2 protein chains.
Amino acid sequence: MRQDAVTSTPRSLDPRQACPIDPVVDIIFSRWTTPILWTLNSRGRLRFVELKREISTITSKVLTERLRQLERDGLVIRTYHREIPPRVEYEISDLGRTLAPLFATLAEWASVNWEQVEKARATYEAANSAPSVR
Amino acid sequence: MRQDAVTSTPRSLDPRQACPIDPVVDIIFSRWTTPILWTLNSRGRLRFVELKREISTITSKVLTERLRQLERDGLVIRTYHREIPPRVEYEISDLGRTLAPLFATLAEWASVNWEQVEKARATYEAANSAPSVR
DNA sequence: CGGCATCCTATGAGATACTG
DNA sequence: CAGTATCTCATAGGATGCCG
């Protein structure tokens, strides 16, 4: 199915092969995964409810789905305690922790360039108000 | 009738507080943007059709939408040539180019850790086949 | 060629209700 | 508590057609 994602030959006949990092983006930056990973990374091991409270707007259904994916991909570790009431804890895995520098880079990029993005938007919006040749 | 055609649905309203990098992720890693930016960064200035050919599976509608968003956010530059037939070229902006190291980091992470992800998946799948306590 | 305008559907994801 | 199970709805995005 998927071959070497970081191949040197830039043949892009395949869907995603126009961009070698696409599969990675898919697992790391799919919806809700960033807040989840970020929270687990900064807050440490958390119970399901605690995690849910952190990411206030997420529903338990979606949170469960995302956690399953992250667990499946080895980025998050799930620990089930047979108790009454049941207790389940989630923590970031070693593999997941290797993403920290990446996230830091991203945060850094944001702090440096976000203003530029907003300026670009304002400019674009202004130019869009006036009828012009597209 | 026409609303803001370039408004990207904010993937996060609240999660922003749980995850500071969420807005950035939204503009850089929303669907299709990675292949587009990657291609423009490596291939340089391209016409619409050329770009479309590179990212083979994308439809022109979606490509247009994504390009508008990227243009709006200042990551790509659109140049319109009044000719017959019309010629439109897209290139990555200086701001967009600042993403290169980030993408490189991502590619590096992939080359190092992707195997681990696949192993985790295999393990998970295997464990899932056997009845176990969830 | 580089798009919009339409139409249409598959999927994501919210709301709600219910269990071990 | 930590989920499932449904249901519904919005929307991302594909297919098609037309036009300057």
Side-chain angles (χ1 to χ4, degrees), chain A residues 15-16 22 25-27 29-36 40 45-72 76-91 128 131-134, chain B residues 1-15 22 26-27 29-36 40 45-72 76-91 128 131-134:
Chain A
R16 347 209 78 196
D22 218 56
V25 170
D26 210 29
I27 71 161
F29 298 109
S30 60
R31 202 166 178 106
W32 291 113
T33 54
T34 327
I36 295 173
L40 288 180
R45 164 183 281 230
L46 289 178
R47 304 183 59 160
F48 185 84
V49 257
E50 293 170 337
L51 191 51
K52 182 161 151 49
R53 259 193 297 268
E54 285 298 317
I55 312 164
S56 48
T57 54
I58 201 170
T59 61
S60 54
K61 178 198 156 199
V62 175
L63 180 55
T64 304
E65 289 169 356
R66 298 293 90 190
L67 281 171
R68 287 284 181 280
Q69 182 202 315
L70 292 169
E71 187 195 0
R72 181 189 106 133
V76 160
I77 299 171
R78 177 184 184 270
T79 312
Y80 179 85
H81 302 272
R82 307 185 73 83
E83 299 173 5
I84 301 172
R87 184 162 54 97
V88 177
E89 291 181 316
Y90 291 93
E91 62 188 315
N128 209 354
S132 65
V133 179
R134 285 222 58 94
Chain B
M1 211 54 171
R2 179 191 167 278
Q3 311 137 359
D4 191 353
V6 199
T7 303
S8 60
T9 7
R11 88 158 53 181
S12 59
L13 295 172
D14 264 13
D22 220 56
D26 206 31
I27 71 161
F29 298 110
S30 58
R31 201 168 175 99
W32 291 113
T33 53
T34 326
I36 294 172
L40 288 180
R45 163 183 281 230
L46 288 178
R47 303 184 60 160
F48 184 84
V49 256
E50 294 170 336
L51 190 50
K52 181 161 151 48
R53 257 193 297 268
E54 284 298 317
I55 311 165
S56 49
T57 55
I58 200 171
T59 62
S60 54
K61 179 198 158 199
V62 174
L63 180 55
T64 304
E65 289 169 355
R66 297 295 91 191
L67 281 171
R68 287 287 180 278
Q69 183 202 316
L70 291 170
E71 185 195 1
R72 178 188 109 136
V76 308
I77 298 170
R78 177 182 184 272
T79 314
Y80 179 84
H81 303 271
R82 307 184 72 85
E83 299 174 0
I84 301 172
R87 183 162 56 96
V88 177
E89 290 180 316
Y90 291 93
E91 62 187 314
N128 212 350
S132 65
V133 179
R134 283 222 61 93

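Source: prediction; values computed, not measured. Letters go in sequence order (proteins before strands), and every chain restarts at 1. The basis for the numbers below is simple: all heavy atoms, side chains too, and nothing from hydrogens, waters or symmetry mates.
Rounded to an integer number of Å, the gap from A:Lys52 NZ to D:dC1 P is 11 Å. The CD atom of A:Glu83 sits 16 Å away from the C1' atom of D:dG3 (whole-angstrom rounding). Between B:Leu63 atom CG and C:dG3 atom C1' the separation is 10 Å, expressed in whole Å. Straight-line distance from the CD1 atom of A:Ile55 to the C1' atom of C:dG14: 16 Å, rounded to whole Å. For A:Ile58 and C:dG12, the CD1 to P distance is 14 Å, given to the nearest whole Å. Summarising the geometry, the separation between CD on B:Glu71 and C1' on C:dG3 is reported as 13 Å, rounded to the nearest angstrom. When the P atom of C:dG12 is taken as reference, atom CD of A:Glu65 falls 8 Å away, rounded to whole Å. In this entry the distance linking CG of B:Leu51 with P of C:dC1 reads 14 Å, nearest Å.
The side chain to side chain contact (heavy atoms under 4.5 Å, CB included) test applied to A:Arg53 returns A:Val49, A:Glu50, not counting sequence neighbours. Scanning for salt bridge (Lys or Arg N to Asp or Glu O under 4.0 Å) contacts around A:Arg87 gives A:Glu83, A:Glu89, with sequence neighbours left out. Residues meeting the side-chain hydrogen bond (donor to acceptor under 3.5 Å, both in side chains) test with B:Glu91, sequence neighbours left out: B:Arg45. With sequence neighbours left out, the salt bridge (Lys or Arg N to Asp or Glu O under 4.0 Å) criterion links A:Arg72 to B:Glu125.
Among C:dC4, D:dC1, D:dA2, the nucleotide with an atom closest to any side-chain atom of A:Val49 is D:dA2. For B:Pro85, whose side chain is taken as the heavy atoms from C-beta onward, the closest listed nucleotide among C:dC1, C:dG3, C:dG14 is C:dC1. The side chain of A:Arg78 lies closest to D:dG3, out of D:dG3, C:dG3, C:dC1.
Taking the side chain as every heavy atom from C-beta outward, B:Thr57 and B:Trp32 approach each other to under 4.5 Å.
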Its contact letters, B for base, S for sugar-phosphate only and - for none at protein heavy atoms under 4.0 Å, make nucleotides 15-20 of chain C read B----B
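Among B:Leu40, B:Thr33, B:Thr34, the one residue that satisfies the side-chain contact (heavy atoms from CB on, under 4.5 Å) test with B:Ile36 is B:Leu40.
Phosphate proximity of D:dC1 to A:Tyr90: absent, as no side-chain N or O sits under 4.0 Å from OP1 or OP2. For the OP1/OP2 pair of D:dG20 and a distance below 4.0 Å, the side-chain nitrogens and oxygens of B:Arg82 include no atom meeting the criterion. A sub-4.0 Å separation between OP1 or OP2 of D:dA2 and a side-chain N or O of A:Arg47 is present. The phosphate of C:dG2 (OP1 or OP2) has no side-chain N or O of B:Arg87 nearer than 4.0 angstrom.
The minimum heavy-atom distance linking A:Arg47 with A:Pro86 is given by the pair NH2-O, 3.5 Å.
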